[in-house]
Amino acid sequence: MLINVWYASCPPCRVEAPALKAVHSEYSALGVEFVGVNTRDKAGPAAAFEETFGITYPSIPDTDGAVIASMDGSVSPNAAPRL
């Protein structure tokens, strides 16, 4: 499973979105599951981001940080994408 943590105005998130879309297109047929975790946006901006970049895998809203907190020990809560 690939978990992508993002928010709409995050510059690195906007840069990586096309690559994630391509990887999703290639690997979902092989059974790799993708899920996004949106850490800041309300429904409107999140949907606009997904539409702009053609993201079709599901995303979970996490404005209170509970989803990220549940991954404690696996993912640093303040991790940012690296390009």
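Starting from 1, each residue takes its place in the sequence as its number.
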Item to complete: Name all residues meeting the ring pair (Phe, Tyr, Trp, His ring centres under 6.0 Å) criterion together with Y27; count only those two or more places apart in sequence or in a different chain, and write none if there are none.
Response: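 Checked Y27 against ring pair (Phe, Tyr, Trp, His ring centres under 6.0 Å); zero matches.
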Is it the case that one hydrophobic cluster holds both [X] and [Y], taking links as side-chain heavy atoms less than 4.5 Å apart, direct or via other members?
X: V67; Y: M1; value: yes
X: Y57; Y: L30; value: yes
X: I3; Y: I60; value: yes
X: L2; Y: V35; value: no
X: F53; Y: F34; value: yes

Fill in: Working for side chain to side chain contact (heavy atoms under 4.5 Å, CB included), residues I68 and V5
CA-CA 9 Å; I68 296 298; V5 179; 3.6 Å; yes
Report all side-chain donor-acceptor pairs from residues 42-52 shorter than 3.5 Å, counting only partners two or more places apart or in another chain.
from	atom 1	to	atom 2	distance (Å)
E50	OE2	S59	OG	3.2
T52	OG1	A48	O	2.8

Worksheet item: Residues two or more places apart in sequence or in another chain: which of them pass side-chain hydrogen bond (donor to acceptor under 3.5 Å, both in side chains) with D62?
Response: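 By the side-chain hydrogen bond (donor to acceptor under 3.5 Å, both in side chains) rule, D62 matches no residue at all.
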Discussion item. Could you work out, with side-chain hydrogen bond (donor to acceptor under 3.5 Å, both in side chains) as the rule, every residue matching R40, not counting sequence neighbours?
Written reply: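 Only Y7 meet the side-chain hydrogen bond (donor to acceptor under 3.5 Å, both in side chains) criterion with R40.
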Item to complete: Please check if the side chain of D41 supplies one atom and the backbone of A8 the other of a donor-acceptor pair under 3.5 Å.
Response: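 Between the backbone of A8 and the side chain of D41 there is a qualifying donor-acceptor contact (under 3.5 Å).
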Worksheet item: How about W6 and N38: do any of their side-chain heavy atoms sit closer than 4.5 Å?
Response: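 Yes, close enough: below the 4.5 Å cut-off.
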